[in-house]
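I have placed the structure first, in the form of structure tokens, so that the comments after it can refer back to it.
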Amino acid sequence: MAKEPMRVLVTGAAGQIGYALVPMIARGVMLGADQPVILHMLDIPPAAEALNGVKMELVDAAFPLLKGVVATTDVVEACTGVNVAVMVGGFPRKEGMERKDVMSKNVSIYKAQASALEAHAAPNCKVLVVANPANTNALILKEFAPSIPEKNVTCLTRLDHNRALGQISERLNVQVCDVKNVIIWGNHSSSQYPDVNHATVKTSDGEKPVRELVSDDAWLNGEFITTVQQRGAAIIKARKFSSALSAASSACDHIRDWVLGTPEGTFVSMGVYSDGSYGVPAGLIYSFPVTCSGGEWKIVQGLPIDEFSRKKMDATAEELSEEKKLAYSCLE
């Protein structure tokens, strides 16, 4: 029997990431090749014409799984009945702007969108925040949508996770699908900590630790970390635009694993509401290693943490605590 369509909201849908993301969702990359979808696309009034152009292209592509398109500048219409919300829209930092200015703009955007989701989304709606500062935008959204369970509000660090997998696969000249269990700890910012201490590579002799195969701690503790941390900036420098394709792809990976489950023995990185695990202050949206099953994520527990990792994890938690204070000051 055919499945009922799921309603998927993409905010900022006329922008670069949105334009890359909506065809992936319509093709089944996010929710599976047998899951029909109705796309809800939201953007600001100045982008209404461009948004309508995206809608026309979706119609022209004749995706078999796409059962309807809502293209709107009205936040209530966009949020009504949605099962999954991918929050791509946000206010970008412009030249000369202070962090507090950007935070203030995003606090007001996420407060309004949270209220609309709270009132109009489907029960148990899953939310993924992509727009930067992603962790703190997600925290604001959670605060203003109290009836959405805290476990249903997440932010995107899968892009950083996938970047780390890519760097290891290139370094070892192996297929990226044979590398697993890297971890991104903390903030989706340059303070994040890409950790390979628990990562392995599938070889003809079985799974081997990444550290053993790379056999270069200086690279793993230095250049590897900074490359992953600075990858977004490197792409902007090379392409003159931000990383839209990889962000869209990793947003699909994040939701797909959350809804359909992670493979046995594999964990992925998600920005989730901290419960105090690994000494991370409760009440932050922080990236942890998680496994997913039955539509629920669970933080992987009991991983040994060395002194180098502890310092990196604490530093990114401190940055998130500062961001949280800054965001709350914008609410006053």
Side-chain angles (χ1 to χ4, degrees), residues 20-21 24 27-33 128 154 156-186 188 192-232 234-235 238 243-272 278 287-293 297-306 308-309 312-313:
L21 178 59
M24 293 183 189
R27 201 176 275 288
V29 176
M30 179 178 278
L31 292 168
L128 167 61
T154 65
L156 186 70
T157 55
R158 183 61 174 270
L159 175 54
D160 310 297
H161 179 99
N162 287 351
R163 285 168 171 166
L165 293 175
Q167 289 303 304
I168 297 299
S169 82
E170 284 202 326
R171 175 78 178 196
L172 294 174
N173 196 24
V174 298
Q175 295 295 309
V176 74
C177 58
D178 290 333
V179 187
K180 70 176 187 181
N181 296 354
V182 299
I183 301 168
I184 303 297
W185 298 99
H188 174 60
Q192 64 176 262
Y193 170 44
D195 176 5
V196 298
N197 290 326
H198 314 285
T200 60
V201 178
K202 190 163 91 181
T203 72
S204 54
D205 297 325
E207 288 189 351
K208 302 277 189 184
V210 162
R211 274 209 184 268
E212 181 186 310
L213 293 174
V214 171
S215 191
D216 185 346
D217 283 352
W219 182 78
L220 286 171
N221 292 344
E223 188 185 333
F224 163 74
I225 291 174
T226 54
T227 297
V228 175
Q229 289 173 334
Q230 303 292 337
R231 188 66 162 187
I235 288 167
S243 42
L245 183 156
S246 52
S249 180
S250 57
C252 287
D253 291 345
H254 176 113
I255 297 287
R256 186 190 62 243
D257 284 347
W258 190 3
V259 172
L260 301 177
T262 46
E264 187 69 33
T266 298
F267 45 78
V268 295
S269 304
M270 285 172 66
V272 300
Y278 294 100
S287 183
F288 288 97
V290 304
T291 55
C292 304
S293 178
W297 56 263
K298 194 161 73 174
I299 295 171
V300 176
Q301 297 293 345
L303 297 173
I305 303 297
D306 64 17
F308 178 86
S309 299
K312 296 280 188 191
M313 290 162 66

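Along the sequence shown, the residues carry numbers beginning at 1. As a basis for the values below, the full set of heavy atoms in this structure was taken, side chains included, without hydrogen atoms, waters or symmetry mates.
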(message) Can you confirm whether Leu156 sits close enough to His188 that some side-chain heavy atom of one is under 4.5 Å from a side-chain heavy atom of the other?
(response) no
(message) side-chain contact (heavy atoms from CB on, under 4.5 Å) for Leu159 and Arg231? Distances and angles first, verdict last.
(response) CA-CA 10 Å; Leu159 175 54; Arg231 188 66 162 187; over 6 Å; no
(message) With heavy-atom distances below 4.5 Å as the criterion, would you say the side chains of Ile168 and Asp178 are in contact?
(response) no
(request) Over 60° means perpendicular and under 30° means parallel, so classify the ring planes of Phe308 and Tyr193, tilted if in between. (result) perpendicular
(request) Test side-chain contact (heavy atoms from CB on, under 4.5 Å) on Phe224 and Arg171 and set out the steps. (result) CA-CA 10 Å; Phe224 163 74; Arg171 175 78 178 196; over 6 Å; no
(message) Can you give me the closest heavy-atom contact between His198 and Asp195, atom names plus distance?
(response) CD2-OD2, 3.8 Å
(request) Identify, with sequence neighbours excluded, every residue that meets salt bridge (Lys or Arg N to Asp or Glu O under 4.0 Å) alongside Asp160. (result) Arg163
(message) Checking side-chain polar atoms at under 3.5 Å, does Asn197 have a donor or acceptor matched by the opposite partner on Ser309?
(response) yes
(message) With a 3.5 Å distance limit and no angle check, can you tell me whether Thr266 reaches the backbone of Thr262 through a side-chain donor-acceptor pair?
(response) no
(request) Quick one: pull up OG1 in Thr200 and NZ in Lys208 and give me the separation to the nearest 0.5 Å. (result) 11.5 Å
(message) For Val176 versus Gly166, what's the shortest heavy-atom pair and its separation?
(response) CG2-N, 4.0 Å
(request) Examine distances only and state if a side-chain atom of Ser287 and a backbone atom of Ser269 form a donor-acceptor pair shorter than 3.5 Å. (result) no
(request) Answer whether the closest heavy-atom distance between the side chains of Asn221 and Arg211 falls below 4.5 Å. (result) yes
(request) Identify the residue among Asn162, Thr157, Thr154 that makes a side chain to side chain donor-acceptor pair (under 3.5 Å) with His254. (result) Thr154
(message) Is it the case that the side chain of Asn181 and the backbone of Phe267 share a donor-acceptor pair, with hydrogens and angles ignored and the cut-off at 3.5 Å?
(response) yes
(message) Checking the side chain of Lys312 only, and the main-chain atoms of Trp185 only, is there a donor and an acceptor separated by less than 3.5 Å?
(response) no
(message) Could you check whether any side-chain heavy atom of Leu213 comes within less than 4.5 Å of a side-chain heavy atom of Val174, counting everything from C-beta outward?
(response) no
(message) When you compare the side chain of Lys202 with that of Cys177, does any pair of heavy atoms fall below 4.5 Å?
(response) no
(request) Evaluate the criterion side-chain contact (heavy atoms from CB on, under 4.5 Å) for residue pair Arg158 and His161; output intermediate values, then yes/no. (result) CA-CA 5 Å; Arg158 183 61 174 270; His161 179 99; 3.9 Å; yes
(request) Of all the heavy-atom pairs spanning Ser246 and Ser243, show the shortest one and how long it is. (result) OG-CB, 3.4 Å
(message) Is it the case that atom CD in Gln175 sees more than 12 heavy atoms from other parts of the structure closer than 6.0 Å?
(response) no
(request) Report yes if the side chains of Leu303 and Ile183 come closer than 4.5 Å at any heavy-atom pair, otherwise no. (result) yes
(request) Look up atom CE in Met24 and atom CG in Leu31, then write down how far apart they are to the nearest 0.5 Å. (result) 13.5 Å
(message) For the CD atom on Glu264, are there more than 12 heavy atoms of other groups (residues, nucleotides or ligands in this structure) within a distance under 6.0 Å?
(response) no
(request) Side-chain contact test, heavy atoms from C-beta onward, threshold under 4.5 Å: evaluate it for Val259 versus Met30 and give yes or no. (result) no
(request) Grab the two heavy atoms, one from Trp219 and one from Val214, that are nearest each other, plus how far apart they are. (result) CE3-CG1, 3.9 Å
